[in-house]
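Read the structure below first, then the notes.
When a ligand or atom number is given, it counts from 1 through the structure's own listing order.
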Amino acid sequence: MSDYRIASIPGDGIGVDVQIEARKVLDTAARLHGFGLKWTEFDWSCERYTKTGAMMPADGIEQLSAFDGILLGAVGFPGVADHVSLWGLLIPIRRAFSQYINLRPVRLLPGTTSVLGGRSGDELEMVIVRENSEGEYSAIGGRHNAGRPDEFALQESVFTRVGVERVVRFAFELARTRTSRVCSATKSNGIIHTMPFWDEIFASVAKEYPDVAAEQCHIDALVARMVQDPGRLDVVVGSNLFGDILSDLAAAVTGGLGMAPSGNINPPGEFPSMFEAVHGSAPDIAGQGIANPVAQILAAAMMLDHLGETVAAQAINATVEQVLTEGAVLTPDLGGRATTSDLGSAVAAGLG
Ligand code: NAD
Ligand code: IPM
Ligand code: MN
């Protein structure tokens with residue numbers, strides 16, 4: 001029997017609520033499928049920052065490196081500036097563990113309806129492959145002439161050949177397992193250096209995959225297409241910022257933010273990968289017990305799949321579908337009146 005060591009970081013706001021439900025479901029799956037999960041819980045959060053001045057301890061990354069996987073709730077809460085909380089916890093983990101792929105699959109699940117109306121699940125199924133370690137998310141830059149009329153801020157983007165090539169290649173490989181279509185998000189008409197570089201690398205990798213239909217689309221037109229003609233999209237690859245924005249949109253046009261999972265993946269497996277919902281800590285509904293835990297439960301299933309527990313992962317996905325199809329236990333974002341805990345328990349119970 002395999003035992004997996006899992007780091008749990010519930011974080012802030014609804015991150016805490018949905019993490020409890022994901023753990024409930026994972027523990028049930030582990031029991032039923034004959035493997036062990038050894039959890040270690042970390043209180044790294046904005047609350048910790050307020051008490052100690054740091055989101056995580058100085059050796060936090062070192063502590064996490066011993067785990068097989070990391071399940072993260074969400075990070076960020078009013079009272080601590082977002083760039084401080086996120087650059088103090090989530091972003092350092094992604095970078096230190098070279099989790100350069102952020103995989104964000106979305107699908108219109110049975111029993112739910114799209115805001116687009118009248119669309120089927122087949123039409124609304126895609127995956128955003130987001131570059132997760134460089135690009136527009138960079139600490140290079142600075143603020144100058146503080147408090148003066150000529151004050152300014154500079155923010156550099158970093159696009160490396162290695163960084164772009166590996167995420168683009170990942171997207172093509174993934175496309176081969178799906179419908180063999182890749183769309184690259186660009187903005188090379190307006191961004192003069194980095195985006196033409198991105199396009200050039202995309203075109204050269206595409207040549208190695210003649211069996212995959214490759215196209216590029218400027219991000220402004222692409223967001224319109226995602227709403228008006230989403231069936232044309234399957235694998236969408238984008239830079240860190242474009243991938244971030246596209247993934248909330250893709251979630252919104254399928255079942256909503258409460259339904260979209262993500263994996264921060266280190267493909268070579270030299271470091272632990274980290275799984276989390278696409279959504280944030282939702283301070284507007286935190287502590288009310290009404291957050292939809294499905295995104296976090298599906299992220300937990302992605303983690304099991306990554307660890308090689310494919311059958312258990314599929315069982316969780318199928319049970320989520322079954323509970324949604326039955327429609328008796330739905331949180332308010334899905335039109336129901338159930339609590340976060342009701343929905344988590346319904347999935348755990350449905351597993352067997
Ligand atoms: P958000 O995703 O937290 O919330 C956006 C909207 O979606 C809110 O109205 C919220 O109530 C709703 N929502 C989100 N998840 C939901 C769920 N599971 N069920 C029901 N409704 C849900 O985005 P935001 O408001 O921009 O950010 C809030 C905080 O979270 C900020 O501090 C932000 O920096 C942080 N954040 C963290 C992560 C992360 O840790 N991965 C991701 C995004 C945002
Ligand atoms: C996400 C979040 C983060 C990101 C923020 C909170 C830094 O929006 O995981 O999508 O932009 O990567
Ligand atoms: Mn985001």
Subject >> Single hit among Phe42, Tyr4, Trp39 for ring-ring contact (aromatic ring centres under 6.0 Å, His included) with Phe67 >> reply: Phe42

Original post:
Below 4.0 Å from any atom of ligand 1, is there a heavy atom belonging to Val278?
Top reply: yes

Original post:
Quick one: does Ala295 get within less than 4.0 Å of ligand 1, heavy atoms only?
Top reply: no

Original post:
Contact between Arg130 and ligand 2, counting heavy atoms under 4.0 Å?
Top reply: yes

**OP:** Would you check whether His83 reaches within less than 4.0 Å of ligand 2, judged by its heavy atoms?
**Re:** no

Around [atom], find the nearest protein heavy atom and jot down its residue, atom name and distance.
atom	answer
atom 32 (O) of ligand 1	Asp82 OD1, 2.6 Å
atom 14 (C) of ligand 1	His279 CB, 3.7 Å
atom 41 (N) of ligand 1	Glu276 OE1, 2.8 Å
atom 13 (N) of ligand 1	Ala282 CB, 4.2 Å
atom 9 (O) of ligand 1	Asp284 OD2, 2.7 Å
atom 29 (C) of ligand 1	Ser281 OG, 3.2 Å

**OP:** Dump the intermediate steps for salt bridge (Lys or Arg N to Asp or Glu O under 4.0 Å) on Arg148 and Glu151, then the final yes or no.
**Re:** CA-CA 5 Å; Arg148 291 182 7 197; Glu151 183 172 1; over 6 Å; no

Original post:
Hey, is the main chain of Leu71 close enough, under 3.5 Å, to the side chain of Gln19 for a donor-acceptor pair?
Top reply: yes

Original post:
Going by the atom numbers of ligand 2, which of them fall below 4.0 Å from some non-hydrogen atom of Tyr137?
Top reply: 4 (C), 11 (O), 12 (O)

Subject >> Arg94 neighbourhood, listing ligand 2 atoms whose heavy-atom distance to it stays under 4.0 Å >> reply: 1 (C), 4 (C), 9 (O), 12 (O)

Original post:
Do any N/O/S atoms of Asp244 come under 2.8 Å of the Mn ion (ligand 3)?
Top reply: yes

**OP:** Report, in ascending order of atom number, the atoms of ligand 1 lying under 4.0 Å from any heavy atom of Gly258.
**Re:** 17 (C), 18 (N)

Subject >> Under 4.0 Å to a heavy atom of Leu86 - the qualifying atoms of ligand 1, by number >> reply: 34 (O)

Subject >> Closest heavy-atom pair and its distance - Ala175, Val212 >> reply: CB-CG1, 3.9 Å

**OP:** Verify the neighbour count for atom CD of Glu62: are there more than 12 heavy atoms of other residues, nucleotides or ligands below 6.0 Å?
**Re:** no

**OP:** Might you confirm whether atom CD1 of Ile192 has over 12 heavy atoms from other residues, nucleotides or ligands at distances under 6.0 Å?
**Re:** no

**OP:** Taking atom 16 (C) of ligand 1 as the reference point, report whether a protein heavy atom occurs under 4.0 Å from it.
**Re:** yes

Subject >> Exercise check, heavy-atom protein proximity under 4.0 Å to atom 25 (O) of ligand 1 >> reply: no

Subject >> Electrostatic pair Asp220-Lys187, nearest N-O below 4.0 angstrom >> reply: yes

**OP:** Report yes if some N/O of Asp244 lies less than 3.5 Å from some N/O of ligand 2; otherwise report no.
**Re:** yes

Original post:
Looking at ligand 2, does any of its N/O atoms fall within less than 3.5 Å of an N/O of Arg104?
Top reply: yes

From the options [options], select the one whose nearest heavy atom is closest to [atom].
atom	options	result
atom 35 (C) of ligand 1	Asp244, Leu257, Val75	Val75
atom 21 (N) of ligand 1	Ile9, Ile285, Asn292	Ile285
atom 28 (C) of ligand 1	Ala291, Ala74, Pro283	Pro283
atom 23 (O) of ligand 1	Pro332, Ala286, Gly280	Gly280

**OP:** Decide if the gap between the ring center of Phe172 and the ring center of Phe202 is smaller than 6.0 angstrom.
**Re:** yes

Original post:
Any side-chain donor-acceptor pair under 3.5 Å between Tyr209 and Glu173?
Top reply: yes

Original post:
Looking at Tyr137, is Arg130 sitting on its ring face, NZ or CZ under 6.0 Å from the six-membered ring centre and within 45 degrees of the normal?
Top reply: yes

